[in-house]
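Only one structure is covered here, and it is reproduced in the block below.
First listed ligand is number 1; within each ligand, the first listed atom is number 1.
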Amino acid sequence: MREERPVIALDLPSKKAIEAFLAHFPSDESLYVKVGMEIFYQEGPSIVSWLISEGHDVFLDLKLHDIPNTVYSAMKGIAKLGVSLTNVHAAGGKEMMEMAYKGLQEGTPKGQSVPKLIAVTQLTSTSDEQVKQEQLISVGLNESVRHYAVLTQASGLDGVVCSAHEAKDIKQHTSDDFVCLTPGIRLASNDVGDQKRVMTPSKARENGSTFIVVGRPITKAENPYTAYLNIKNEWNGENH
Ligand SMILES: O=c1ccn([C@@H]2O[C@H](COP(=O)(O)O)[C@@H](O)[C@H]2O)c(=O)[nH]1
């Protein structure tokens, strides 16, 4: 099921900076936010509990990638935080992904829902050339992404992180309800920055993205709420 709210990447340096950012939004607006490495490593798990207590849904984007036992134990801890969605790297392999899922299931307190678990295929800042030359994956980016998506599904996870360019192909090779969470989203007028595989919200919708993730086009905008609404409206096929 497509999530109507763009997921806002809270790539900001402190809780204070996040409070100042969220002050631009109506106080009763429930957002879907992404807590990534920048803020998590500064503030720790309390930032997650605070965002949830403020009425927001949280995607914890720590992209775990380690030996299966370590990822299992880390996921048992993450499961207690009450996040809606979290992730690992598919490159960690099937055994690691299965153990991540097991950790989440075992760690989730009784009566709470198990967070959805997805796996990063190839980062949206990675190009086909880099996949071939730096990772030595001669089949190239599209096949690598598809392979990781199929492996992720076979490991029992809910979906993948990919670019919106690959979402349609992934759904064809997995299933319609397989989550495709797509960062690298830009309006035609936005800076691309370090992203390589970008797409507009309306194209992402046409291509079958389940979630879109947007950071700097909102966090660095002069009016973050207007920027958020512009992206949200285009994502939902309104006013454009
Ligand atoms: O493949 C990936 C996986 C994660 N991300 C994260 O999404 C946001 C995108 O931020 P922008 O400012 O909109 O570029 C960021 O937090 C990344 O860590 C990704 O971009 N690509």
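- Ion pair D57/R5 flagged as a salt bridge, since at least one NZ, NE, NH1 or NH2 atom sits closer than 4.0 Å to an Asp/Glu carboxylate oxygen.
- Each of H165, Q195, E166 was scored for a side chain to side chain donor-acceptor pair (under 3.5 Å) with T124, with one residue passing: Q195.
- Close approach of ligand 1 to P183 is summarised as follows: ligand atoms under 4.0 Å from at least one heavy atom of the residue are 2 (C), 3 (C), 4 (C), 5 (N), 7 (O), 19 (C), 20 (O), 21 (N).
- Residue contacts with ligand 1 include V213, since one or more of its heavy atoms lies under 4.0 Å from the ligand.
- Less than 4.0 angstrom separates some heavy atom of A9 from each of these atoms of ligand 1: 8 (C), 16 (O).
- Contact atoms of ligand 1 toward Q195: 9 (C), 14 (O), 19 (C), 20 (O) (distance under 4.0 Å to a heavy atom of the residue).
- Closest to atom 8 (C) of ligand 1 among all protein heavy atoms lies K34 CE, 3.8 Å.
- Close approach of ligand 1 to L123 is summarised as follows: ligand atoms under 4.0 Å from at least one heavy atom of the residue are 1 (O), 2 (C), 3 (C).
- Ring orientation note: the planes of F25 and Y228 are nearly perpendicular, at an angle over 60° on the 30°/60° scale.
- Judged by distance alone, with hydrogens and angles left aside, the side-chain atoms of E98 form no donor-acceptor pair with the main-chain N or O of S155 at under 3.5 Å.
- Within 6.0 Å of CD in E129 there are 12 or fewer heavy atoms belonging to other residues, nucleotides or ligands.
- Taking the charged nitrogens against the carboxylate oxygens, D169 and R146 do have a contact shorter than 4.0 Å, which makes a salt bridge.
- Residue contact check for ligand 1: E38 places no non-hydrogen atom closer than 4.0 Å to it.
- With ligand atoms numbered from 1 in the order given, ligand 1 contributes 3 (C), 4 (C), 18 (O) to contacts under 4.0 Å with heavy atoms of K63.
- Protein heavy atom nearest atom 1 (O) of ligand 1, with residue, atom name and distance: T124 N, 2.9 Å.
- For R216 and N190, the side-chain atoms include no donor-acceptor pair closer than 3.5 Å.
- In the displayed structure, N69 atom CG is contacted under 6.0 Å by more than 12 heavy atoms of other residues, nucleotides or ligands.
- Using a 4.0 Å cut-off to heavy atoms of D11, the atoms of ligand 1 that qualify are 15 (C), 16 (O).
- The number of heavy-atom neighbours closer than 6.0 Å to CD of E95, taken from other residues, nucleotides and ligands shown, is 12 or below.
- Atom numbering of ligand 1 starts at 1 in the shown order; those under 4.0 Å from a heavy atom of R216 are 11 (P), 12 (O), 13 (O), 14 (O).
- The nearest heavy-atom contact from the protein to atom 13 (O) of ligand 1 is G215 N, 2.8 Å.
- Ligand 1 lies nowhere less than 4.0 angstrom from a heavy atom belonging to M37.
- The ligand atoms of ligand 1 that sit less than 4.0 angstrom from a heavy atom of R186 are 11 (P), 12 (O), 13 (O), 14 (O).
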